[in-house]
Structures are given as structure tokens and as C-alpha cells.
**Student:** 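Once you've had a glance at the structure underneath, I'll fire off some questions.
What you see is a predicted model, and the numbers here were worked out from it, not measured in a lab.
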Amino acid sequence: MRRPSSQVDRAISFESALDEANAKAQEAKGIHVGEEPELVSRKVQAGLGLFTGVMVYSTAFGGLFALVFAAVDQRAVNLRARAVSGLLAASGFIAVYVVPNLKYPANPPSVGQPDTIGQRTALYFAMLALSVAAMVVAAILRKRLAPRHGDWNAALIASGFYLVAVIVAARILPSINEVPEAFPAVVLWQFRIASFGMQLIMWATLGLVFGALTERALAGHGRVALRHPGPAGSA
């Protein structure tokens, strides 16, 4: 997998070449286009800026993950902390990243019109909110159906509900396609693959590492057996 920064560099190069071509076209028509001041250099955006953004993003999601885990773990009395963490991470990866990005996939710099960035951001977060809400409702539905239909059938019904809900939401929300025709398809594909890989690593790390550390902490306080009784404890 190629580094995301290499794809960002290529996208920036494409954007620079496109801006230069547009400037020359304007000058050929006798229109002088002044250069806008660059608040943050492209080099900083592709290097330190990208690293800082990833770290802040991951830290923020780590905090939210811990809060949601604390709420969910109190209700999952039949699962160990590691299992709860893994299931929560898998659900979060699907609801927070996969589904919204299937509708509005990640794009590198130079893709998208500056005038529509507010609309695109609002639509993306609307899809994200609907996906998360559908996942929460599906989890509640599975829990309520489990006593009557069994855990497996309840999980299938809840999964079907989530799938139908997000498909309907994706059909209702408008589509956006602002990728320039001349933009290299390989760069776009590799950027999206790199974005997917980074998200997969982040959510896998949250699910596995957080669960292991939490279970160890609970074991150190002698709370694992009390919170998660096994067959011997329930007899």
C-alpha cells in the first residue's frame, strides 16, 4: 500500500498544474489573475499537517470510543471486555466509515469545487448520522428480538434492518461527482485505498488494544469474574 502522502503530493501536483493552465488561459484573454496568499504551504499540508490531522482525528475517536464502550459494556454482561471492544470497533468501522464513504467516498486535494464544500460536508455528516442512528436502532432491535427468535435470527433481522435503512438513506440523499475528467484514475483509486487502510488500522487498533488493556485492568481489580459470570458462576 502506498503512503497517503504520496497520493496527496500527486493530487497537489495535479491541482497546481490545473491552476497554472487556468491562469495562462486567463492571461491569454487579457485577464490578469493575482495570486492568493497561501495560509498553509502545500508542503506542510502533505507532511506535518497530514500527520497532525491523523493524530488529532485518531485521538478524538479514541475518546469517543471509550465513552461508548463504557455505556455499552454495562449492558453486555455476557461478554468479556475484549469481545465488547471488538464488536464495538467492527460496528463503528462499518457505521462511521464504510457506509458513509460508499455514498460519499474520500477524495484527495483538487477534487471538488470550493463553492460546494459546505454542501458536501453537510451531506457527508448527514449520511454518517443516519448510518450511526440506524446501527443503534439495529442493536436495540437485536436485543429485543433475541429472547423470542434466538440470538442468530435476531442478529440477521437487525442486520437486514440496518442494510435497508442505509440503502434508503443513500437513495434519498443526492449524489455528488465533482472529480475532474483529467484527474488520474490511478491516483484517485490509490488515495481511497490508502484512506480505507488507515481507517481499518485505526479501528482494529481501537478494538484489539483497548479491549486487551481494559480486560487486563478489570482483572487487576478482580472484576472480570464478577461482571462476566461463566457457567460455573451462574449455576
**Student:** Once ring-ring contact (aromatic ring centres under 6.0 Å, His included) is applied, do any residues pair with Phe65, and if so which ones, sequence neighbours excluded?
**Tutor:**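 Phe65 satisfies ring-ring contact (aromatic ring centres under 6.0 Å, His included) with Phe210 once adjacent residues are dropped.
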
**Student:** Short question: side chain of Tyr124, backbone of Pro100 - any donor-acceptor pair under 3.5 Å?
**Tutor:**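 Side chain of Tyr124 to backbone of Pro100: no pair is present.
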
**Student:** How close do Tyr97 and Arg192 get, heavy atom to heavy atom, and via which atoms?
**Tutor:** OH-O, 4.3 Å

**Student:** With heavy-atom distances below 4.5 Å as the criterion, would you say the side chains of Trp152 and Leu156 are in contact?
**Tutor:**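 Yes. Closest side-chain heavy atoms under 4.5 Å.
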
**Student:** Other residues, nucleotides and ligands only: do more than 12 of their heavy atoms fall within 6.0 Å of CD1 on Ile117?
**Tutor:** no

**Student:** Under a 4.5 Å side-chain heavy-atom rule over Ile, Leu, Val, Met, Phe, Trp and Tyr, are Phe161 and Leu87 clustered together?
**Tutor:** no

**Student:** Using a 4.5 Å cut-off on heavy atoms from C-beta on, say whether the side chain of Leu208 contacts that of Arg82.
**Tutor:**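 Side chain of Arg82 against side chain of Leu208, heavy atoms only: no contact under 4.5 Å found.
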
**Student:** Taking a hydrophobic cluster as the set of Ile, Leu, Val, Met, Phe, Trp and Tyr residues connected by side-chain heavy atoms closer than 4.5 Å, whether directly or through intermediates, do Val168 and Leu102 fall within one such cluster?
**Tutor:**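 Not linked; separate clusters.
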
**Student:** Cluster question for you: counting only ILVMFWY and a side-chain heavy-atom cut-off of under 4.5 Å, with indirect links fine, are Phe69 and Leu213 together?
**Tutor:**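 Result: no, two separate clusters.
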
**Student:** Might you point out which heavy atoms bring Ala106 and Ser195 nearest each other, and give the distance in Å?
**Tutor:**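 Of all heavy-atom pairs spanning Ala106 and Ser195, the closest is CB-OG, 3.8 Å.
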
**Student:** Which atoms form the tightest heavy-atom contact between Met127 and Val99, and what is the distance?
**Tutor:**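 The pair with the smallest heavy-atom distance is CE-CG1, 3.7 Å.
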
**Student:** If we ignore hydrogens and angles and just use 3.5 Å, is the side chain of Ser159 paired with the main-chain N or O of Ala155 as donor and acceptor?
**Tutor:** yes

**Student:** Rounded at 0.5 Å granularity, tell me how far CG in Leu200 sits from CE in Met198.
**Tutor:** 12.0 Å

**Student:** Say you draw a straight line from CG of Leu130 to CD1 of Ile172; how long is it, rounded to the nearest 0.5 Å?
**Tutor:**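 Rounded to the nearest 0.5 Å, the CG-CD1 separation comes to 8.5 Å.
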
**Student:** Could you tell me whether a side-chain N or O of Lys103 sits under 3.5 Å from a main-chain N or O of Ala169, the two making a donor and an acceptor?
**Tutor:**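 Not confirmed, Lys103 side chain does not pair with Ala169 backbone.
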
**Student:** Show every donor-acceptor pair shorter than 3.5 Å between a side-chain atom in residues 131-150 and any protein atom, with sequence neighbours excluded, or say none if there are none.
**Tutor:**
{"residue": "Ser131", "atom": "OG", "partner": "Ala95", "partner atom": "O", "Å": "2.7"}
{"residue": "Ser131", "atom": "OG", "partner": "Tyr162", "partner atom": "OH", "Å": "2.7"}

**Student:** Measure the CG-CD1 distance between Leu123 and Ile176 for me, rounded to the nearest 0.5 Å.
**Tutor:** 4.5 Å

**Student:** Compute the ring centroids of Tyr104 and Phe125, then answer whether they are less than 6.0 Å apart.
**Tutor:** no

**Student:** Check step by step if side chain to side chain contact (heavy atoms under 4.5 Å, CB included) holds for Leu88 and Val68.
**Tutor:** CA-CA 8 Å; Leu88 182 60; Val68 176; 3.7 Å; yes

